[in-house]
2 protein chains.
Amino acid sequence: MFRGFSTLSVDSKGRLAVPSRHRERLSSETGGCLVLTLNPMDRSLWLYPLIEWEFIETKLAELSDFDKQGRRTKQMMRGYATDCQLDAQGRILIPQELRDYAQLKKQAVILGQGNKFEIWDKAAWKEQRDQWLEQIGDDSGEPSDALRSLSL
Amino acid sequence: MFRGFSTLSVDSKGRLAVPSRHRERLSSETGGCLVLTLNPMDRSLWLYPLIEWEFIETKLAELSDFDKQGRRTKQMMRGYATDCQLDAQGRILIPQELRDYAQLKKQAVILGQGNKFEIWDKAAWKEQRDQWLEQIGDDSGEPSDALRSLSL
DNA sequence: GGTAATTGTGGGTAATTGTGGGTAAAACAA
DNA sequence: TTGTTTTACCCACAATTACCCACAATTACC
């Protein structure tokens, strides 16, 4: 399971260095083959080891074309899925199109999220985070049932 | 179960010494692997032995991506979960990002909380504590049913 | 109360990691 | 083809982190 947080910079060529503590796993897991695609829920990117992505892909294939949300999710995630590999310095090259989607500027953050990594523009992430923290903090909102029964 | 209170200092490199009476348990429990993450309820940090964290992680993994609150909770807790180990002096290095989140200055406190430790900035903790004591004391707030049936 | 052991704190140094940029190969367009 | 842009590969520097060692403060013990 991937976890953890790092602040990183996207250089002028659109490259992003994966934190070193994750490199070995990423380069061994599927011969170093990775898949980068967009996160349809947020303006951020997802980075999967190929083997994990293939599993996702089969699940996507099962989504009905007659359900609008399902169709769109499929289109987006598959359509933007880009193969990539770590270079000798442990970086990946993020295509222009995906950089635009996630509105990546110079500063980015990368978050371990179980079977994948999530990549955000730093400012956008902070905004999201603070918004969420506010919601958790005030007790006015209704936590979902799943959350209500969660003891950490 | 962890319990107890200690005042400690965070040095200029962001290191925090775990009280010695807890070291042995922390370094033996899961080969010394620990996970440090943020406490989404308060501006403080949680320190889990890896084995305890993994249990939390599986619970988080079950939350749906299509429920916004669940998704955010997952993102935050996993995203900020940082692997760490005690160094030769029994300290952990707290990443800048987490220090900022918990607003840790020079003085910190660490509280045993069952399956984990909670780490606060000392001043922030005192403030919180006094505030809570006031609230608990006056009977204006509505205690939940669970609390109502609690005999201490 | 005095001494010895343990614990908490600080800092130096070496290794690792993150970042930037140069150059050559490859892809693409005209 | 030729010229232009993009990508891959390499090298180098700066910042961070891990690993030591040393001292001060605290605690335990006689």
Side-chain angles (χ1 to χ4, degrees), chain A residues 2-28 31-36 45 47 80-100 104-112 117 119-122 125, chain B residues 2 4-28 31-36 45 47 80-100 104-112 117 119-122:
Chain A
F2 298 114
R3 57 175 162 265
F5 175 98
S6 297
T7 303
L8 295 163
S9 69
V10 181
D11 69 24
S12 56
K13 294 178 183 177
R15 295 175 301 187
L16 180 127
V18 172
S20 67
R21 60 181 186 264
H22 298 122
R23 283 181 201 161
E24 197 185 2
R25 246 195 85 194
L26 285 180
S27 57
S28 65
C33 295
L34 306 171
V35 176
L36 186 67
L45 307 178
L47 178 67
Y80 283 97
T82 310
D83 291 294
C84 58
Q85 283 205 308
L86 297 183
D87 71 9
Q89 275 74 253
R91 295 178 284 200
I92 54 167
L93 179 69
I94 304 176
Q96 186 69 55
E97 198 72 23
L98 290 177
R99 264 179 280 160
D100 292 346
L104 289 179
K105 323 236 167 25
K106 190 115 192 21
Q107 296 276 75
V109 299
I110 183 167
L111 306 162
F117 288 97
I119 301 168
W120 288 73
D121 177 66
K122 190 176 180 181
W125 167 252
Chain B
F2 299 113
F5 173 97
S6 298
T7 303
L8 296 163
S9 70
V10 180
D11 70 24
S12 58
K13 293 180 181 175
R15 294 175 302 188
L16 179 127
V18 171
S20 67
R21 67 199 131 103
H22 297 123
R23 281 182 203 163
E24 198 185 1
R25 244 194 88 194
L26 284 180
S27 57
S28 65
C33 295
L34 305 171
V35 175
L36 186 68
L45 306 179
L47 179 67
Y80 282 101
T82 309
D83 289 295
C84 56
Q85 283 204 306
L86 297 183
D87 71 9
Q89 277 72 254
R91 295 177 285 198
I92 54 169
L93 178 70
I94 304 178
Q96 184 71 54
E97 197 69 25
L98 290 177
R99 265 180 280 158
D100 291 346
L104 289 179
K105 323 240 165 22
K106 192 115 192 19
Q107 296 277 74
V109 298
I110 183 167
L111 306 162
F117 288 98
I119 300 168
W120 288 75
D121 177 67
K122 191 176 179 183

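The chains referred to below are lettered A, B, ... by the order of the sequence lines, with proteins before strands, and numbering in each begins at 1. Only heavy atoms go into these numbers, but all of them, side chains included; no hydrogens, no water, no symmetry mates.
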Chemist: Please determine if a side-chain N or O atom of B:S9 lies less than 4.0 Å away from the OP1 or OP2 oxygen of C:dG10.
Modeler: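 So the side chain of B:S9 is within the cut-off, an N or O lying under 4.0 Å from OP1 or OP2 of C:dG10.
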Chemist: If you take all heavy atoms of B:V109 and B:F5, which pair is closest and at what distance?
Modeler: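 Looks like CG1-CZ, 3.7 Å.
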Chemist: I'd like to check the side chain to side chain contact (heavy atoms under 4.5 Å, CB included) partners of B:Q107; sequence neighbours left out, ordered by chain and number.
Modeler: B:T7, B:S9, B:K122
Chemist: Go through the structure and list residues passing side chain to side chain donor-acceptor pair (under 3.5 Å) with A:S6, not counting sequence neighbours.
Modeler: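 With sequence neighbours excluded, A:S6 shows a side chain to side chain donor-acceptor pair (under 3.5 Å) to A:R21, given in chain and number order.
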Chemist: Taking CD from B:Q107 and P from C:dT9, how many angstroms apart are they, rounded to a whole number?
Modeler: 8 Å
Chemist: A:V10 near the nucleic acid: base, sugar-phosphate alone, or nothing, with a heavy-atom cut-off under 4.0 Å?
Modeler: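 If one applies the 4.0 Å heavy-atom cut-off, A:V10 turns out to touch nothing in the nucleic acid.
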Chemist: Apply side chain to side chain donor-acceptor pair (under 3.5 Å) to A:D83 and list each qualifying residue two or more places apart in sequence or on a separate chain.
Modeler: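 A:D83: no side chain to side chain donor-acceptor pair (under 3.5 Å) contacts found.
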Chemist: Which listed nucleotide (C:dT19, C:dG10, C:dG8) is nearest to the side chain of B:Q89?
Modeler: C:dG10
Chemist: Among all residues two or more places apart in sequence or in another chain, which pass the salt bridge (Lys or Arg N to Asp or Glu O under 4.0 Å) test with A:R91?
Modeler: A:D11, A:D87
Chemist: Give the dot-bracket string for DNA chain C, reading 5' to 3', where a pair is Watson-Crick or G-U wobble with both distances under 3.5 Å, ( ) marks pairs inside the strand, [ ] marks pairs crossing earlier ones, | marks a partner on another strand, and . marks unpaired.
Modeler: ||||||||||||||||||||||||||||||
Chemist: Check side chain to side chain contact (heavy atoms under 4.5 Å, CB included) between A:L93 and all other residues, then give those that pass, not counting sequence neighbours.
Modeler: A:R15
Chemist: Touch check for A:D11, heavy atoms < 4.0 angstrom, all strands: base, sugar-phosphate only, or nothing?
Modeler: sugar-phosphate
Chemist: Among all residues two or more places apart in sequence or in another chain, which pass the salt bridge (Lys or Arg N to Asp or Glu O under 4.0 Å) test with B:R23?
Modeler: none
Chemist: Across the strands shown, which category fits B:R21 at heavy-atom distances under 4.0 angstrom: base, sugar-phosphate, nothing?
Modeler: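 No contact.
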Chemist: Under 3.5 Å, which protein N or O atoms sit close to an N or O of nucleotides 22-30 of chain C? Give each pair with its distance.
Modeler:
{"unit_1": "C:dG22", "atom_1": "O6", "unit_2": "A:K13", "atom_2": "NZ", "d": "2.2"}

Chemist: Rounded to whole angstroms, how far apart are CG on A:D87 and P on C:dG21?
Modeler: 16 Å
Chemist: Which one, C:dT9, C:dG11, C:dT19, comes nearest to the side chain of A:L8?
Modeler: C:dT19
Chemist: Using heavy atoms and a sub-4.0 Å distance, could you list which residues of residues 90-99 of chain B are near DNA chain C? By number, please.
Modeler: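 Close to the strand are B:R91.
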Chemist: Output the distance between atom CD1 (B:I119) and atom CG (B:L98), rounded to the nearest 0.5 Å.
Modeler: 9.5 Å
Chemist: Salt bridge (Lys or Arg N to Asp or Glu O under 4.0 Å) with A:K105: which residues, sequence neighbours excluded?
Modeler: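 Here the qualifying residues are A:D121.
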Chemist: For the pair made of CD1 in B:I110 and P in C:dT9, what is the distance, rounded to whole Å?
Modeler: 12 Å
Chemist: Please give, in whole Å, the distance from C:dG10 P to B:L16 CG?
Modeler: 11 Å
Chemist: For A:Q96, enumerate each residue passing the side chain to side chain donor-acceptor pair (under 3.5 Å) test, keeping only those at least two apart in sequence or located in another chain.
Modeler: A:D100
Chemist: List for me each residue that meets side chain to side chain contact (heavy atoms under 4.5 Å, CB included) alongside B:C84, sequence neighbours excluded, and say none if there are none.
Modeler: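 Per chain and number, B:C84 pairs via side chain to side chain contact (heavy atoms under 4.5 Å, CB included) with B:L34, B:L36, B:L47, B:I92.
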